[in-house]
Amino acid sequence: MTPTPQRKTSLIGNLIRGALIGIVETIPGISGGTVALVVGIYKQLIESASAMIHWGLSLVRGRREEAREYWQQISWRLLIPLGLGMVAAVFTVAGPVVSLYETYPERMRSLFFGMVAASVMVPLLMVRDDVAYRKKRLGWHHLAMFIAGAAAAFIVLSLPATLALQPHWYIVLPAAAIAVSALVLPGLSGSLVLLTLGLYEPTLRAVEALDFGYIGVFVAGLALGAVVIVQCMKWLLEHHHATTLIILSGVMIGALRALWPYQNDDGALQPISDGVGLNILLAIIGAVVVTAMVIADRKMSRHAPQPVH
């Protein structure tokens, strides 16, 4: 495979990126993977996470030389500030943002709808760049995969959130393993997964109350899920880069169903009612903000270091 150039990132910038991911991960319907795509660190994040997993496995097997090689592949300059930013946001900014979402759900969904809709351009632009670089053409099967991804996401997100599981450790562990996929899969919201399983409020309450027992089990589940999902995504991006991004684009489109402004508490879609003008304005503002971020990111990425062969 031909290496993909990686853009330079600053420590402060990575702190801010981590904070953005941490905030959106607390809001049902928004994906941390989408933010990683928009701010230009998606592939680098996947590769570093994969290297970290292999490093840990090599240590367990006693292969120190192999572990040292994987250690050198980990971008700590990205992961450490990103993690600190996420933790800081979850324990500080995320609370007020969630309160706004609960107080003004229709307005906030409109804003996020515009942001996520505009974010779809990111993987699509990556597909365009990849196709142009490899001098290939897209076929009808790519369009079919895009539509299939959108339809699957729409159907899954239309399922009623009727589960009310008790927050026992054997429930929280697999739920966290599933929810962590939102950090890797743009369009899938970890908070929405927890909301569907009835664990959204217990998890937020545990964080607010500093329930380290619950948090410890949850973090263990995140680690377990990451080992499997990150490896799968890394393989797909290496061997089927354009196809994978096309499917993810479709998933992001289908995921907009969760952010439709007009829906009841159970997630059932409602017809357009009052306040449509303000909702459209908020959606446009959200789309403009993301578009500006994407344009700035692509201009900065032109100065990325080229791969060494």
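Cluster annotation: Val116 is connected to Val288 through the hydrophobic network of ILVMFWY side chains, with a link wherever side-chain heavy atoms come within less than 4.5 Å. Leu224 and Val217 fall into different hydrophobic clusters, where Ile, Leu, Val, Met, Phe, Trp and Tyr side chains are chained together by heavy-atom contacts under 4.5 Å. In the hydrophobic cluster analysis, where Ile, Leu, Val, Met, Phe, Trp and Tyr join through side-chain heavy atoms closer than 4.5 angstrom, Val289 is grouped together with Leu281. Hydrophobic cluster membership is shared by Ile147 and Trp140, with clusters built from Ile, Leu, Val, Met, Phe, Trp and Tyr side chains linked at under 4.5 angstrom. Under the 4.5 Å side-chain contact rule for hydrophobic residues, Leu282 and Ile272 share a cluster.
Taking CD1 from Ile21 and CD1 from Ile16, the interatomic distance works out to 12.5 Å, rounded to the nearest 0.5 Å. The distance from the CG atom of Leu59 to the CD atom of Glu66 is 10.0 Å, given to the nearest 0.5 Å. If you take CZ on Phe112 and CZ on Arg107, they are separated by 14.5 Å, rounding to the nearest 0.5 Å. To the nearest 0.5 Å, the span separating CG on Leu236 from CD1 on Ile247 amounts to 8.0 Å. Going from atom CD1 of Ile74 over to atom CD1 of Ile53 covers 10.0 Å, rounded to the nearest 0.5 Å. Between Met115 atom CE and Ile285 atom CD1 the span is 11.0 Å, to the nearest 0.5 Å.
Counting only distance, with no hydrogens or angles, the side chain of Ser75 and the backbone of Ser48 share no donor-acceptor pair below 3.5 Å. Put simply, the side chain of Arg109 never gets that close to the backbone of Leu259: no donor and acceptor are under 3.5 Å apart.
For the residue pair Phe218 and Val172, the shortest heavy atom distance occurs at CD1-CG1, 3.8 Å. For Ala89 against Ala19, the heavy-atom pair with the smallest separation is CB-O, 3.3 Å. Minimum interatomic distance between Leu15 and Pro81 (heavy atoms only, all atoms of both residues): CD2-O, 3.3 Å. The two residues Leu222 and Ala176 come nearest to each other via the heavy atoms CD2-O, 3.4 Å. Between Thr291 and Ala118, the closest heavy-atom pair is OG1-CB, 4.0 Å. The two residues Leu45 and Leu82 have their closest heavy-atom pair at CD1-CD2, 3.6 Å.
At least one side-chain heavy atom of Val276 sits under 4.5 Å from a side-chain heavy atom of Tyr262. The closest side-chain heavy-atom distance from Met52 to Trp76 is below 4.5 Å. Contact check for Arg128 versus Leu125: side-chain heavy atoms found under the 4.5 Å cut-off. Looking at heavy atoms from C-beta onward, Leu79 lies out of side-chain contact with Asn14 at the 4.5 angstrom threshold.
Salt-bridge annotation for Glu65 and Arg68: present, with a side-chain N of the basic residue lying under 4.0 Å from a carboxylate O of the acidic one.
Using bins of under 30°, 30° to 60° and over 60° for the plane-to-plane angle, the ring pair Tyr70/His54 lands in the parallel bin.
Here the options are Leu245, Leu248, Thr244, Thr243, the test is side chain to side chain contact (heavy atoms under 4.5 Å, CB included), and the partner is Val127; only Leu245 passes.
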